[in-house]
Amino acid sequence: MTPETLGLAAIVYVAGMFILAHCADRAAAAGRWQWMNRPIIYTLSLSVYCSAWTFYGAVGYASRSGLEYMTIYLGPGIVFAGAWWGLRHLVRVARMHRITSVADLISSRFGKSAGLATLVTLIAVTAATPYIALQLQSVSMALSAFAEEGRPPPGNIPLWTALGLAAFAILFGTRNLAADERHHGVVMAIALEAVVKLLAFIAVGSYVLWGLADGPADVLARIDSMASRPEGAGWTIQPERWLVLITLSGAAVLVLPRMFHVMVVEANDDDRLRQAGWAFPLYLFILTFLVLPITVVGHDLLPAGANPDLHVIALPLSQGQHALAGFVFIGGFSSAMSMAVVSAIALSTMMANHWLVPMWLWLRHGGFRAHRLPGAAREDLRVLMLNARRIAILLIMGAGWTYHHLSGGTSALAVMGIVAFSGMAQVLPALVAGLMWRGATRRGAMTGIATGSAIWLGLIYLPSLGLVPPPAMPAGLDPFAGAVLLSLGLNMMLLVLVSLLDFPNPVERMQGLSFVHAIAPDGSAADSTSSARAEAVLTLAGRLWGSDHALEIFREAAADQGKSGYLPDLTPRFLSEFERTIAGTVGAATAAALMSRVAGRGAVTVADLMDVAGEASLARADNQRLETATGELERTARKLRETNDKLTALSAQKDAFLGQISHELRTPMTSIRAFSEILMEPGLPDRDRPRFAGIIHDEASRLTRLIEDLLDLTVLEGGRARLTPRVVNLHDLIERALALAQATEARRDFAVLRDLPAEQLMVMTDADRLLQVLINVIANARKYCDVPAPQIRIDARRLRNGGTEIDISDNGAGIRPENQALIFEKFSRLTDTPQAGGAGLGLAICREIMQFLGGSISYLPGQGGAAFRISLPRWPRDPARSEEDPPAAEAG
Amino acid sequence: MRLGSRRLFLGRRAYRRRRMIDATRIVPVAFALLVLVPPIWRPQVFSFATGALWLALGWLATIIVTATLHHVIGGTAEGADEDDDA
């Protein structure tokens, strides 16, 4: 198998990829892309992490430094183990803000700063150039392994490779300017390439593991035997390098432009990290542990002078397995191709969005000057953007090729990869702080990144090119690890320190809030839209995406607002969303600049921020007030309802009473009239006369009693009763009351339970009135207690405050709860039976009397029968004078 | 701006899911310790076959645990509350 055949195979392979990418793009354009929107495609596309460096270089690295090569895979392994909470937040926030690249993310988080974007792009391009050169070199190096002795391989392989890959990247990476930076064709191609390189590596690994060695146990034994060999000296793990390299590779999987692109920008949603979280580490795991057999068997079988970077191909070749070697070459070529293409697309987006377009707009329009820009409305920004990216891809590939051409190819592949890692890692502190700490500021990020990358440039990058000698480090410390620790340490320290001392501008603070808490920014109160013209915004959109697409977006926005036509109201929400949509194409900084001019979105001020906060807290306060008011309203309504019920019941009772009182009045009146008529009869026998006169007298007395009750009540209610207080023994009063109440239901025999000694209390009150109350309550008990063995219990006690309480209870049925509120009302009578006899005034009079005496009478529920509590104050109170002249003793 | 108050207590399923999400926070830390501490502590022991075996088994276990947790947690759509904190 000659290099020419393999070259041809590679060309055919690339052509196949062209066709695949083309079909995928067409399917996506036609909306038939569900089948390629699966998580597995996403996971496979992540394998762009494994470039030609990992494909060829890992074996070389392992044979020079032992297990240290694993650090390159273990870092991503750790990061992806935390995919659910760490990466998901990153992907979600980036999708929310339509981030186009890692530079765009940093810039957007730190106040849409154009300066930061420029700086990060600079670092990315600087770090990536030798890395791309490495891919070009790996292709020609791998081809040279197939060359026969004395016949050099074609010399211009890297140039053709670079041109081919640039063409691929331009064709599928800059086909159109979408509102999101997604490239379905490219993603499908790299997913397939991921499968190819995995299969190729598994093929060679299995061949070596079981074909050349005797399985895993043999390989482990061979690894242990390395300890005793001279080449094994470098295998001992250096702790500081172990730590630093794992940190760097963990950082790399987040911030390398190509990784960020496939992981964040091409992600449809954050849910696919659920599968990628374990599937991608599994992919890496397989690659990692297949390296070991190739390394140790290569050591044993190949001549000592062979380049370990080529063991992957040299081993099968040495055994005459040309087909396998050819497959491995295609696998390595896949790695190089996917890495170079995705890097070129990611870097070109960054360069175009953060360097070329802003510069061009600046030159063309004198720095976004407002009155100039509308004049440029006819220009097609889309063509400008796409051309800028095409130029950027050519520049990147050209730089890679130039680097390769000038350096003549470096000896060890691993070194350049690690240099690129350590360069991009300078972005990591700002990225992590930006996503987790609202206090991180633009100046802090700028200072940290600038300082870190300056140290990286001086101590790592330039020495790696051989331009300056490696830095002197304290004895025992590895120069590379020392330089990385120094640069990252200073980077983080300055980021934190400057951020702590800084006061960020309002846009930064809004973005900080949005990035840390993953809240979509809604635009601030300051977005006064009166001057903004919807048409100008529409024109801008048309220039970016073509007028059909722009009109469609605007029509949807208008429909969302409930308007017909194509011009939505320029509400802060709409403008904010629209700016983010533009940012998906041109980056946050350029989008903000464009919007501020076209739509008149002015700069946000601290006062506006405070307004937003103020509105929020105001809304909260309103909410609170509303809740309080609602609670109060409910309470009032409940009270009103109760009162209403009571009034209704009372009204009904009053009607009933009126009927009752009329009846009560009429019955005696009727008999009085009838008997007085009889008395007027001339022939009435004398013996009947006294009897009829007695009836008339009794009926008249009943009438009088009724009227007296009514009068009594009226007097009491009107506060016109006279109080004649004196000291009286409660025991005597109760005795008299019981005796007088005997007349009620005299036939029934009541057991009276009393505590006689406790009754011996002297009270100061109006004795006649209190007696009236006691009689009434006891008589009620006698009237209504309808059990076979009725009891009346009387308890009296002195209270600590000098007052007195008398509880009178029976063992009857008691009063139902719904009636308890009514019994003290006038005219209330709970039964219609004539058993009551009175007019329903008794308890009402009692209540009035007790109030008059300064005490109270209340119903005690839950005593096993009807129970009343009569409370007397220490001193009776004259209602007329009590307010202003309380008895002196009470104060003491 | 968030004004609505979050639910303070969850039902059994959501509660279980939250605890599984908590577990996903522990996994990377545990794996990092497993990868970093032994080789740094005893480089002589972990530089050869022992180290390779240790890392292989540890990593495989982490992958299995991660896959299980992600399976149990389920899709984003199943989580009513999208906040990372419980």
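Fair warning: this is a prediction, and the values are worked out from it, not measured in the lab. Protein chains get the first letters and strands the later ones, always in sequence-line order, with residue 1 at the start of each.
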What option among [options] has the most heavy-atom pairs under 4.5 Å with chain A?
options                   : result
B/Phe46, B/Trp41, B/Phe31 : B/Phe31
B/Ala32, B/Pro43, B/Pro39 : B/Pro39
B/Val27, B/Leu60, B/Leu53 : B/Leu60
B/Ala30, B/Gly51, B/Ala56 : B/Ala56

Can you name the nearest heavy-atom pair linking [X] to [Y], along with the distance?
X        : Y        : result
B/Gln44  : A/Thr236 : NE2-CG2, 3.8 Å
A/Tyr69  : A/Ala62  : CD2-CB, 3.4 Å
A/Val264 : A/Ala94  : CG1-CB, 3.1 Å

Fill in: Side chain / backbone / both / neither for B/Leu34 at chain A, heavy atoms under 4.5 Å
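For B/Leu34, no heavy atom lies under 4.5 Å from chain A.
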
Practice prompt. With a 4.5 angstrom heavy-atom cut-off, could you sort out which part of B/Thr62 is near chain A: side chain, backbone, both or neither?
Written response: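 Just the side chain, heavy atoms under 4.5 Å.
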
Worksheet item: Please walk me through it: do B/Ile63 and A/Phe80 pass side chain to side chain contact (heavy atoms under 4.5 Å, CB included)?
Response: CA-CA 9 Å; B/Ile63 290 172; A/Phe80 269 79; over 6 Å; no

Worksheet item: Passes side chain to side chain contact (heavy atoms under 4.5 Å, CB included), A/Leu220 versus B/Phe48? Steps please.
Response: CA-CA 8 Å; A/Leu220 286 176; B/Phe48 297 95; over 6 Å; no

Which region of [X], side chain (C-beta onward) or backbone (N, CA, C, O), has a non-hydrogen atom less than 4.5 Å from a non-hydrogen atom of chain B, or is it both or neither?
X        : answer
A/Tyr73  : both
A/Phe289 : side chain
A/Leu284 : both

Practice prompt. Could you name each residue pair satisfying side chain to side chain donor-acceptor pair (under 3.5 Å) that touches residues 288-300 of chain A, not counting sequence neighbours?
Written response: A/Arg222-A/Asp300, A/Arg229-A/Asp300, A/Glu231-A/His299

Worksheet item: Rounded to the nearest 0.5 Å, how far apart are CH2 of A/Trp278 and CZ of A/Arg274?
Response: 10.5 Å

Item to complete: Tell me the residues of residues 238-248 of chain A whose non-hydrogen atoms fall below 4.5 Å from those of chain B, in number order.
Response: A/Pro239, A/Trp242, A/Leu243, A/Ile246

Worksheet item: Would a distance-only check, ignoring hydrogens and angles, find a side-chain to backbone donor-acceptor pair under 3.5 Å from A/Arg95 to A/Ala267?
Response: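 Between the backbone of A/Ala267 and the side chain of A/Arg95 there is a qualifying donor-acceptor contact (under 3.5 Å).
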
Worksheet entry | N/O donor-acceptor pair under 3.5 Å between A/Ser228 side chain and A/Ser225 backbone |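 It does hold such a pair.
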
Worksheet entry | Full working for side chain to side chain contact (heavy atoms under 4.5 Å, CB included) between A/Trp437 and A/Val516 | CA-CA 6 Å; A/Trp437 181 35; A/Val516 173; 5.8 Å; no

Worksheet item: If you count heavy-atom pairs under 4.5 Å between each of A/Gly277, A/Ala227, A/Gly66 and chain B, which one has the most?
Response: A/Ala227

Discussion item. Would A/Leu292 and A/Leu67 count as a side chain to side chain contact (heavy atoms under 4.5 Å, CB included) here? Give the steps.
Written reply: CA-CA 8 Å; A/Leu292 279 175; A/Leu67 298 191; 4.0 Å; yes

